Number of protein chains: 2
Amino acid sequence: MRIGELAERAGTTTRTLRYYESLGLLPARRTGNGYRSYDEEDLRLLQQIRTLRDFGFELEETRPFVECLRSGHPAGDSCPASLEVYRRKLAELDECIARLGAIRERVGTQLIQAERARAELEAAATAPEGAPEPRCELTPPGP
Amino acid sequence: MRIGELAERAGTTTRTLRYYESLGLLPARRTGNGYRSYDEEDLRLLQQIRTLRDFGFELEETRPFVECLRSGHPAGDSCPASLEVYRRKLAELDECIARLGAIRERVGTQLIQAERARAELEAAATAPEGAPEPRCELTPPGP
DNA sequence: GTAGACCTTGACCCCGGCGTCAAGGCCAGA
DNA sequence: TCTGGCCTTGACGCCGGGGTCAAGGTCTAC
């Protein structure tokens, strides 16, 4: 199978496959005329890469999975190195989710307060006495 | 105040301030010799920018807040455009958190299964009969 | 007058993951 | 034989947010 067919079957582009090859992630055999040549096994490797990438893994993080498959294991995550990547990724995801959650809370609070401030402002505009516009601002999380 | 002092007081760099100026985000007056000149108000604008950036806002998203402050409001989020950015950001955060949460679940499940597969594999290696290595792999989320 | 600490503009570099040309080779069908 | 569709390598571009030179101007202190 040539590069165009593999790309199409995997739902990606030839550019991507050449890029992976340049990283040594998915090397290709060559036919006599210099064309890249792939087989079904390469398709599996490629699918493993694309699947992990869809989950937010960086290309380098997919390498253990690919090498695991290439070394004859039936699944990319049959090897300790792959499990280690899973664990690192889990920790990363947990931390990221927690951080975003904290920010979400602060932004949400901020929005409520700012909306209330505006409501009071409009009420003040309706009423004759103009109270000073209250200050409420997103403050830095501290050093 | 010149650029170096403002940068230091805001905990950033002169390069950053020049970059913001190139975006029209934080324009500077000039003294006779061509040096940039800032005042306390500029420091406030800059702090607003840095605070929002710490919360993951892109520079362009801070623009409404800065313009709100510059137009004389006591807080960057006193204006409707700023509130709109808050709301968009909240929606963005919620979606991102949900997406990461779903991925976290899948990766976590995958890790458990792969660990169990390895445990069975080792048990099989201890026992004389080698059962076929079970396949379990992260599968694509579907088209 | 000269050292050194500031300032100026301009330009290139970085990260990841490709997209998008450009110029040319290889092969099949009419 | 020629056209069209594949393939090859190489090179530049993009995204955001600046880092890091380079070459030169300006001011102050000694």
Side-chain angles (χ1 to χ4, degrees), chain A residues 1-39 42 45-66 85 88-89 92 96 103 140, chain B residues 1-39 42-43 45-66 85 88-89 92-93 96 103 140:
Chain A
M1 161 175 35
R2 292 184 307 186
I3 194 171
E5 187 183 344
L6 178 60
E8 191 169 2
R9 288 181 62 185
T12 180
T13 68
T14 61
R15 177 66 180 94
T16 296
L17 298 188
R18 283 191 265 265
Y19 180 56
Y20 291 175
E21 182 174 6
S22 80
L23 298 178
L25 196 56
L26 191 68
R29 267 95 33 214
R30 300 295 180 126
T31 60
N33 55 16
Y35 287 11
R36 290 171 177 82
S37 171
Y38 301 92
D39 58 19
D42 292 318
L45 301 185
L46 180 51
Q47 283 168 340
Q48 174 76 83
I49 296 171
R50 300 306 295 180
T51 301
L52 290 171
R53 261 209 52 79
D54 288 344
F55 279 86
F57 287 59
E58 292 174 15
L59 283 178
E60 279 313 312
E61 294 177 320
T62 72
R63 201 182 287 274
F65 294 81
V66 177
V85 175
R88 272 215 320 272
K89 206 69 191 177
E92 214 174 280
C96 188
I103 288 179
Chain B
M1 159 175 36
R2 292 184 306 188
I3 193 170
E5 185 182 345
L6 178 59
E8 191 170 1
R9 287 181 62 184
T12 181
T13 68
T14 61
R15 175 69 178 94
T16 296
L17 298 188
R18 288 190 198 104
Y19 180 55
Y20 290 175
E21 182 174 6
S22 81
L23 298 178
L25 197 55
L26 191 68
R29 267 96 30 214
R30 300 296 179 124
T31 60
N33 55 16
Y35 287 11
R36 288 171 179 82
S37 171
Y38 301 91
D39 58 19
D42 291 318
L43 177 58
L45 301 186
L46 181 51
Q47 283 168 340
Q48 174 77 82
I49 296 171
R50 300 306 295 180
T51 300
L52 291 171
R53 262 209 52 79
D54 288 344
F55 278 87
F57 286 59
E58 292 174 14
L59 283 178
E60 278 312 314
E61 293 176 322
T62 72
R63 201 181 286 273
F65 293 80
V66 176
V85 174
R88 272 213 321 271
K89 205 69 191 178
E92 215 174 278
L93 284 166
C96 187
I103 288 180

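Here the structure is a predicted model, which means the values were calculated and not measured. Numbered from 1 within each chain, the chains take letters A, B, ... in sequence-line order.
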Review point. Atom CZ of Phe57(B) to atom P of dG17(D): distance rounded to whole Å?
Key: 13 Å
Point to revise | Distance below 4.0 Å between Arg2(A) side-chain N/O and dG5(D) OP1 or OP2 | key: no
Review point. For the pair made of CG in Leu17(B) and P in dT8(C), what is the distance, rounded to whole Å?
Key: 10 Å
Exercise for review: Would you mind reading off the distance between Leu26(B) atom CG and dG17(D) atom P, rounded to a whole angstrom?
Suggested key: 15 Å
**Study point:** Given DNA chain D, 5'-ward residue of the pair Gly34(A) and Glu58(B), judged by closest heavy atom
**Key:** Gly34(A)
Check your understanding: Which distance, rounded to the nearest 0.5 Å, do you find between the CG of Leu6(A) and the CG of Leu17(A)?
Key -> 5.0 Å
Point to revise | Ile3(B) vs Arg15(B), nearer the 5' end of DNA chain C by closest nucleotide | key: Ile3(B)
**Study point:** Short side-chain N/O contact from Arg18(B) to OP1 or OP2 of dG19(D), under 4.0 Å
**Key:** no
Exercise for review: Report yes if the side chains of Val85(B) and Arg63(B) come closer than 4.5 Å at any heavy-atom pair, otherwise no.
Suggested key: no
Check your understanding: Which nucleotide in the set dC18(C), dG18(D), dG25(D) lies at the smallest distance from any side-chain heavy atom of Tyr35(B)?
Key -> dG25(D)
Check your understanding: Please give, in whole Å, the distance from dG17(D) C1' to Phe55(B) CZ?
Key -> 19 Å
Revision key, fill the gap. Quick note, Tyr20(A) side chain, CB onward, closest among dC18(C), dG25(D), dT8(C) is dC18(C)
Review point. Are the charged groups of Arg18(A) and Glu21(A) less than 4.0 angstrom apart, N to O?
Key: no
Study note, to complete from the structure: From the candidates dT20(C), dT8(D), dG18(D), the one with an atom nearest any side-chain atom of Arg53(B) is dG18(D)
Revision key, fill the gap. Atom CD of Glu8(B) and atom C1' of dC6(C) are separated, to the nearest Å, by 13 Å
Exercise for review: Nearest whole angstrom, please: distance from the P of dG16(D) to the CG of Asp54(B).
Suggested key: 19 Å
**Study point:** Over 12 non-hydrogen atoms of neighbours within 6.0 angstrom of CD in Glu5(A)
**Key:** yes
Check your understanding: Which atoms form the tightest heavy-atom contact between Asp54(A) and Ile103(B), and what is the distance?
Key -> O-CD1, 4.5 Å
Revision key, fill the gap. Among the nucleotides dT26(D), dC26(C), dT8(D), whichever has the atom closest to the side chain of Asn33(B) is dT26(D)
**Study point:** Euclidean distance, atom CD of residue Glu61(B) to atom C1' of dG17(D) [Å, nearest integer]
**Key:** 14 Å
Review point. What's the CZ-P distance between Arg36(B) and dT26(D), to the nearest Å?
Key: 15 Å
Study note, to complete from the structure: By nearest-heavy-atom nucleotide on DNA chain D, the more 5' of Thr14(A) and Tyr19(B) is Thr14(A)
Practice item. Please determine, for the side chain of Thr16(A), which listed nucleotide (dG19(D), dG19(C), dC26(C)) has the closest atom? Key: dG19(C)
Practice item. Look at the side chain of Thr13(A) and decide which nucleotide, out of dG18(D), dG19(C), dT9(C), has an atom nearest to it. Key: dG19(C)
